[in-house]
Each structure stands twice: as C-alpha cells, then as structure tokens.
Amino acid sequence: MRGGPGRVTLVGGGPGDPGLVTVAGREALECADLVVADRLAPLAALRWAPAHAEIVDVGKIPGGRSTDQTEINRMLIDGAKAGRHVVRFKGGDSFVFGRGGEEAVACARAGVEVRVVPGVSSSIAGPAAAGVPVTHRGLTQGFTVVSGHVPPDDPTSTLDYAALARAGTTLVVLMGVRTLEAICESLVDHGLPPGTPALVVADATLPSQVRVRGTVSTITELSEKAQVGPPAIAVIGEVADIADLP
Ligand code: SAH
C-alpha cells in the first residue's frame, strides 16, 4: 500500500486483444494497488498489475449476477480513501456504454481524484477487426452507435428508429444479439432497403472471433445459424459489404 492520498484511474481496456490496451492503460495497471475488473476487460492484461495488487472481478454476465453499480462506486471510493491507486478496468472505452461517467461523477462527488484513460472502443474496433470501416468516402459520411439492450417497441427505448432508418449513416449496434431481429424489422418497416448489407462480428479481436455477413433482412437468421452469442456487434450499412473484398 502506498502513502498519501489514493486515486482512481478509469482504464478503457479495448475490445479484448491485450495488444489493444493503450500504453497509458498498461502504465496505470503497472502501478495499481487494486484492480476492479469487468468481464469484458481483457483479462490477459491483468498480469501487468504488480504482485501485491488485489484483483476484484465484478464481471457482469448478461442476464446473470452482477455487482451492483453503487457497490462498485463504493469500492472505488473506499479504495482510494484508504490510500490505494485503484484501477477500474473495463472493456472498450469506459464512456461508451460502460458506466464510466457514473463512476467518474461518484468519485468526484466523494472528493476522490479520478483520471480517465480512454480505450479503443469495440464499436469502431470490432467492425475494423472484421474488415469493415465504419466510414468510407463515397459510401457514408458518418456512423451511429446505439445500444440494442432493449428492442425498439420497449417502453424504455429512447431511440428513434424511423430517424435511424433514414439517417444514411452506418448503424453500429452493441448489446443487440437478443434484439437483432426486432431492430432489423423496425429499420426495414421504417424504410431501410431490405437489401442493405449487414455484418455481425462476435469476440472481435480475440482468437475466437467470428463474423457473419448478410443483409438487414437475412442477418438475424444467419447469425442464429452460426450460433453467434455475446459479445457481438452488428454493423448495418453499405460499408458492411467491404468486408468481402480481397
Ligand atoms: N465500453 C465498451 C462497450 C460496453 S457494452 C466499448 O467501448 O467497447 C458491451 C457490448 O460491447 C457487447 O454487448 C458487445 O456488443 C460489444 N463488445 C465489446 N467487446 C466486444 C468484442 N470483443 N466483440 C464484439 N462485441 C464486443
């Protein structure tokens, strides 16, 4: 344990391949006293933590047991107040569907010094690992990243699928394995051409990576056939076809 006031570093660990942890992220791990890790964080990178560091896995399994967010915030704050350097280690970027914002605010409110090390988000790196550029000159001038954790007709959904269908940007769906069918149907119902290319990539950047390519009308069935499970990303838009080029 170190002397002086402790602190918290929120480290985005990238999509899974430990080679995609940033240099700053690795440096933070190397001087951690406590690492609070998520399931999707690249766990192979934990070997960079010093031998004395305590590692706590608060991994969230979809639909399964998870450590309550308030409890995680408390762990970070208590650790720092005890004089430790606490590294909160997550998958991708902490601020992209990662609750990093909530943790940063909780630390700041508690008077704890908090630093953010941005990570390589799977929302861009996942498609890239499958050969898909999220933007491509002449094809699309932007990309939209959404969470598919609830289907379009869910009362808690705040996404405007009619707007998404006509936006003309690449659509990147995270957390959408269970809801992919409803999402694709909604997009087509709102006017997205049924032949629009689509691709699903699971376990992106890991040795177990799989990708499935189809159209917005066929992608759900094709990924079910391929038994694609989380974590997976769906990319919908003309760029999804680029993955097939030599
Ligand atoms: N903060 C993370 C995203 C957290 S939400 C980031 O910036 O990447 C979790 C979702 O991210 C998963 O449901 C999945 O859609 C996506 N995801 C994360 N890692 C992935 C990977 N290696 N391959 C495919 N999808 C991944």
Side-chain angles (χ1 to χ4, degrees), residues 9-22 24-25 28 36-45 57-64 66-67 69 72 87-104 116-134 143-151 154 156-157 159 170-184 198-213 219-220 222-224 226-237 239-240 243:
T9 310
L10 302 179
V11 175
D17 177 350
L20 295 173
V21 176
T22 65
V36 181
D38 263 3
R39 189 181 56 88
L40 283 181
L43 300 181
D57 180 0
V58 291
K60 296 191 179 73
I61 296 158
S66 67
T67 309
Q69 187 61 48
I72 295 173
V87 168
R88 177 72 173 111
F89 194 48
K90 293 171 191 273
D93 183 275
S94 308
F95 286 176
V96 179
F97 304 130
R99 300 196 176 179
E102 293 170 44
E103 292 167 2
V116 179
V117 176
V120 175
S121 178
S122 69
S123 56
I124 300 171
V132 175
V134 288
F143 59 99
T144 309
V145 179
V146 301
S147 166
H149 77 290
V150 291
D154 190 281
T156 64
S157 173
L159 296 171
T170 304
L171 184 61
V172 180
V173 183
L174 272 60
M175 296 180 276
V177 171
R178 275 182 312 110
T179 54
L180 189 59
E181 184 169 21
I183 288 173
C184 289
L199 177 140
V200 166
V201 55
D203 283 356
T205 78
L206 293 168
S208 48
Q209 172 174 311
V210 280
R211 60 172 208 182
V212 177
R213 207 176 63 82
I219 195 68
T220 310
L222 293 173
S223 23
E224 275 166 11
Q227 296 186 319
V228 167
I233 287 173
V235 193
I236 300 164
V239 291

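If you read the sequence from its start, that first residue is 1, and numbering goes on from there. The basis for the numbers below is simple: all heavy atoms, side chains too, and nothing from hydrogens, waters or symmetry mates. Both ligands and their constituent atoms are indexed starting at 1 by order of listing.
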K90 NZ to F97 CZ distance, which is reported to the nearest 0.5 Å = 13.5 Å

Side-chain donor-acceptor pairs under 3.5 Å in residues 119-127, sequence neighbours left out?
from: S121; atom 1: OG; to: S123; atom 2: N; distance (Å): 3.2
from: S121; atom 1: OG; to: S123; atom 2: OG; distance (Å): 2.7

Only one of V200, I236, V235 passes side chain to side chain contact (heavy atoms under 4.5 Å, CB included) with I219, and that residue is V200

What distance separates L174 CG from I233 CD1, expressed to the nearest 0.5 Å?
-> 4.5 Å

Anything with a heavy atom under 4.0 Å from ligand 1 counts, so go ahead and list those protein residues by chain and number.
-> P15, L40, G91, G92, D93, V96, F97, S121, S122, L174, M175, V201, D203, A204, P231, A232, I233

CD/E181 to CD1/I183 distance, rounded to the nearest 0.5 angstrom?
-> 11.0 Å

dist L10:CG -> R88:CZ (nearest 0.5 Å) comes out at 8.0 Å

